[in-house]
Participant: 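For reference, the structure I am asking about is given below.
For this chain, numbers begin at 1 and follow the sequence in order.
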Amino acid sequence: MRYLYIILIFIFSGIAATGQEIITGLQINPVIRAKFLESGTLGMKSFLQDTSAIGIPFYDDFTSPGIYPSPARWADRFGYVNDDYPVYPVDRGVLTMDAISDSGSMYSNAIAGPSTFIADHLTSRYIRLDSLFSPVPKPVTVADSIYLSFYYQPQGRGLAPLSVDSLVLEFLVRPAHDTITATDTLFIPDHWKHIWSAPGMSLDTFYLQNNKYFKRVMIPILDSALFYKNTFRFRFYNYVSLATSSQPSWQSNTDQWNIDDIYLNAGRTWYDTIRKSIRFVERAPSFLANMTALPNDQYANNPAGEMADSVQMLISNRDTVAHNSTYSYTVNEVEGSFTKSYSSTFNLTSYYQYDFPYTIRPPIPFLFPITAADSASYLIRHIIRDNTPGSVLGDTISSYQNFYNYYSYDDGTPEAGYGLKGAFAMLAYRFLLFKSPDTLRAVRIFFNPTLSEANQQFFYLVVWNDHNGKPGDTIYSNIEYVRYPDTINKFVTYHLTRPLRITSTFYVGVIQTTDDNLNIGFDKYDDAHQNIMYNVIGQWLTSSQTGSLLMRPVLGKPIPVGIPRLPAIPGRLLIYPNPATTGSITVEIPSTREYSGSNQLRIKLVNVYGQVVYSGMYSRTIHLADIPAGIYLVEVSGMTDGKSFNGKLIITK
């Protein structure tokens, strides 16, 4: 099998020479999609019942639970509340706007570039800007000095908005209403006024221009005639241009914008930049040095080597002065008695002008217990508190450290997709055994759908041994098919056809059979690029893309196979055996229509260069003696009605 790959690489070197690794945006955001399917239209009711206005102050830092904006403040739910995409945010949690709707899928009006289209909206509820109610009720005047402020960032850990794209802020001038004329009743839509916008750019360019990762915008609201009403409303939206490609599998969502710390109130000035808070900036880290999860028995054979000696915690103090603070963490076994804790006091310096968060590195002076159990899980809580008497400033975040039957470098959530250009491009992911030998049972892979699900292709699932720090001999290979999970935000488990004995360092990965993007989930938060390797024309190279693949080898005891049959695909032929070697193949038509005779159908095989290598009247059986090894499109078409079916065939003589 190894020699077959070498031959195929040289045969198709003209195609593979253009191969490269490419990061694409998500076509489906699995986190949003899962929540949408859970709530559906019922979840929209709270957003549609926007009949009463709210007062000022209006504030949202997007730290409340959930992935949608809170209906207490917002009239729609098209943005994505998360801590995956921002880079050094004001504090943990932002609202991300891109080309994916509240259903988790691309907007129906999404079009390939260079044309732009309006995608996400973030629209406030009606706000009472006609009156102030504290300390005593009174009408609002210009002297009350009302400002709207917010922070924004292009790209973050996503893809950069292009210069033709933009983030836009508008104020509502007049709500939609009906007007009666002499002959009819007319509907007059909302009338909005453009207030502010920012052009698209990369995060690197944005930082060079501003010397900050998030930029604060302060907007005074001075036009009392237009805006001092009980129906004031503001909204953000973004213009998007999709990455252009002639192949549907490579067209992608782009143009992420992150918004944070939206604040509307009276009594403000240009210099009102202080909002006292002490918060964590990023999510809780893994307590392992190199992984996010390990099999329990693998950890037990190298606990000291796999435990991190410390963790990095980023903290923001947005006051103008330092605060004497206490940081602590607690570790508690979920189903056991193991517990550990740590605490330290320090002077938390000011971060209010947004330069860079304060960094501490609390030590981890212990090991998780070594047990004979198959698995273990630990709840870890991180706490930061201001020590000033009576102060309520502080924050708490938590995570789980899991030891099950798999390795992972990723956090389980993709921010992008990873693909290689070029048929027969190879991708390998390196893992190190501490207990050797062991048994590889399966590989879990997260495939994200591409446009029109064009990444549903055949691929080789491959395991290599190690040769001087790079993939060596192929020790396992089997043809597989890209499948999506039965439930959103889950991995598909590809069970090996036989238990595989592995030793020391091993690699799991894929070999493509087409030039299509397989679109493996890519976690841009946790970086393991030094363990990702790809091979296009015979040389293994280390990935240059910062992040980790959502690909997890499963080791140890046998696991339930329970693999569902491949889903039926409309218009797709059933071809078997596939891959084929010698002899013949069977081609079945998945059609409900009855044909009066096979003479109504023709069948042909087309190679990767578009050449027809076989053509004739349809027969369920095709002999392969005169057809060379390669990848083929098989097409069966009706001679009278033009109805056609197709499928892919791999021949490996």
Participant: Among all residues two or more places apart in sequence or in another chain, which pass the salt bridge (Lys or Arg N to Asp or Glu O under 4.0 Å) test with D523?
Facilitator: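 Testing D523 for salt bridge (Lys or Arg N to Asp or Glu O under 4.0 Å), a comparison that skips the adjacent residues, returns none.
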Participant: Quick check: closest heavy atoms across L172 and Y126, and the distance to 0.1 Å?
Facilitator: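 Nearest pair, atom of L172 first, then Y126: CD2-CE2, 3.8 Å.
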Participant: With sequence neighbours left out, what residues match S163 under side chain to side chain contact (heavy atoms under 4.5 Å, CB included)?
Facilitator: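 Applying side chain to side chain contact (heavy atoms under 4.5 Å, CB included) to S163 gives none.
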Participant: Between S377 (side chain only) and N402 (backbone N and O only), is there a donor and an acceptor less than 3.5 Å apart?
Facilitator: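 Absent.
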Participant: Dump the intermediate steps for side chain to side chain donor-acceptor pair (under 3.5 Å) on Q153 and Y213, then the final yes or no.
Facilitator: CA-CA 7 Å; Q153 175 190 75; Y213 285 100; over 6 Å; no
Participant: One thing to verify: whether D261 and R318 come together as a salt bridge, which I'm taking to mean a side-chain N less than 4.0 angstrom from a carboxylate O.
Facilitator: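 Judged by the 4.0 Å cut-off on N to carboxylate O distance, R318 and D261 do form a salt bridge.
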Participant: Would you mind writing out the side-chain donor-acceptor pairs for residues 393-401 within the sub-3.5 Å range, not counting sequence neighbours?
Facilitator:
| from | atom 1 | to | atom 2 | distance (Å) |
| --- | --- | --- | --- | --- |
| D395 | OD1 | R92 | NH2 | 3.4 |
| D395 | OD2 | R279 | NE | 3.3 |
| D395 | OD2 | F280 | N | 3.0 |
| T396 | OG1 | R385 | NH2 | 3.2 |
| Q401 | OE1 | S286 | OG | 3.2 |
| Q401 | OE1 | F287 | N | 2.7 |
| Q401 | NE2 | T292 | O | 3.0 |

Participant: Does the E415 side chain pair with the main chain of G158, one donor and one acceptor, at a distance under 3.5 Å?
Facilitator: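 No; judged by distance alone, with no hydrogens or angles, the pair does not exist.
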Participant: Is there a ring-ring contact (aromatic ring centres under 6.0 Å, His included) between W257 and Y237 once you walk through the steps?
Facilitator: CA-CA 10 Å; W257 296 89; Y237 62 83; over 10 Å; no
Participant: For H323, what residues pass the ring-ring contact (aromatic ring centres under 6.0 Å, His included) criterion, not counting sequence neighbours?
Facilitator: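 Counting only residues at least two positions away or on another chain, H323 forms no ring-ring contact (aromatic ring centres under 6.0 Å, His included).
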Participant: Begin with the C-alpha distance, continue with both residues' side-chain angles, and end with the deciding distance and a verdict on side chain to side chain donor-acceptor pair (under 3.5 Å) for N258 and T96.
Facilitator: CA-CA 4 Å; N258 297 316; T96 298; 2.7 Å; yes
Participant: Ignoring hydrogens and angles, tell me if any N or O in the side chain of S224 forms a donor-acceptor pair with the backbone of V142 under 3.5 Å.
Facilitator: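 Between the backbone of V142 and the side chain of S224 there is no qualifying donor-acceptor contact (under 3.5 Å).
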Participant: Who are the side chain to side chain contact (heavy atoms under 4.5 Å, CB included) partners of V217, not counting sequence neighbours?
Facilitator: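 So V217 forms a side chain to side chain contact (heavy atoms under 4.5 Å, CB included) with F150, Y152, W196, I219.
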Participant: Can you classify the ring geometry of Y80 versus Y85 as parallel (below 30°), tilted (30 to 60°) or perpendicular (above 60°)?
Facilitator: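 Judged by the thresholds at 30° and 60°, the geometry between Y80 and Y85 is perpendicular.
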Participant: By side chain to side chain contact (heavy atoms under 4.5 Å, CB included), which residues pair with A119, not counting sequence neighbours?
Facilitator: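 For A119, the residues satisfying side chain to side chain contact (heavy atoms under 4.5 Å, CB included) (neighbours in sequence not counted) are Y107, F117, N238, V240.
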Participant: Just jot down the ring-ring contact (aromatic ring centres under 6.0 Å, His included) partners of Y358, sequence neighbours excluded, or say none.
Facilitator: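 Y358 satisfies ring-ring contact (aromatic ring centres under 6.0 Å, His included) with F346 only.
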Participant: Can you name the closest pair of heavy atoms from F227 and I195 and give their distance?
Facilitator: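 Closest pair (atom of F227, atom of I195, distance): CZ-CD1, 4.4 Å.
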Participant: Determine yes or no for a side-chain-to-main-chain donor-acceptor pair under 3.5 angstrom, with D527 supplying the side chain and G547 the backbone.
Facilitator: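 Side chain of D527 to backbone of G547, a donor-acceptor pair under 3.5 Å: yes, one is there.
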Participant: Can you tell me how the ring of F234 sits relative to the ring of F236, calling it parallel under 30°, perpendicular over 60° and tilted otherwise?
Facilitator: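 Ring orientation of F234 relative to F236: perpendicular.
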Participant: Which heavy atom of W74 sits nearest a heavy atom of P69, and at what distance?
Facilitator: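 Residues W74 and P69, closest heavy atoms: CD1-CB, 3.5 Å.
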Participant: Quick one: closest heavy-atom pair of P285 and V311, and the distance?
Facilitator: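 That closest heavy-atom pairing would be CG-CB, 3.7 Å.
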Participant: Check salt bridge (Lys or Arg N to Asp or Glu O under 4.0 Å) between R283 and all other residues, then give those that pass, not counting sequence neighbours.
Facilitator: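 Listed in chain order: D83, D84, D411.
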Participant: Check for a donor-acceptor pair, side chain of Y407 on one end and backbone N or O of M291 on the other, with a separation under 3.5 Å.
Facilitator: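 No: the side chain of Y407 does not pair with the backbone of M291.
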Participant: Report the residues that fulfil salt bridge (Lys or Arg N to Asp or Glu O under 4.0 Å) with R216, sequence neighbours left out, ordered by chain and then residue number.
Facilitator: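 By the salt bridge (Lys or Arg N to Asp or Glu O under 4.0 Å) rule, R216 matches no residue at all.
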Participant: Quick one: list whatever passes salt bridge (Lys or Arg N to Asp or Glu O under 4.0 Å) with K138, sequence neighbours left out.
Facilitator: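 Residues passing salt bridge (Lys or Arg N to Asp or Glu O under 4.0 Å) with K138: D144.
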Participant: Taking ring-ring contact (aromatic ring centres under 6.0 Å, His included) as the definition, give me every residue that meets it alongside Y429, ordered by chain and number, with sequence neighbours left out.
Facilitator: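 For Y429, the residues satisfying ring-ring contact (aromatic ring centres under 6.0 Å, His included) (neighbours in sequence not counted) are Y409, F431.
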Participant: For residues F446 and N448, determine if any side-chain heavy atom of one lies less than 4.5 Å from a side-chain heavy atom of the other.
Facilitator: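 Side chain of F446 against side chain of N448, heavy atoms only: contact under 4.5 Å found.
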Participant: I'd like to know whether OH of Y271 has more than 12 heavy-atom contacts from other residues, nucleotides or ligands below 6.0 angstrom.
Facilitator: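 No - once you tally the heavy atoms of other residues, nucleotides and ligands closer than 6.0 Å, there are 12 at most.
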Participant: Give me the atom names and distance for the closest heavy-atom approach of D255 to A160.
Facilitator: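 Nearest heavy atoms, D255 then A160: OD1-O, 3.4 Å.
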Participant: Which residues satisfy the side chain to side chain contact (heavy atoms under 4.5 Å, CB included) test with P365, sequence neighbours excluded?
Facilitator: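 Side chain to side chain contact (heavy atoms under 4.5 Å, CB included) list for P365, sorted by chain: Y329, P363.
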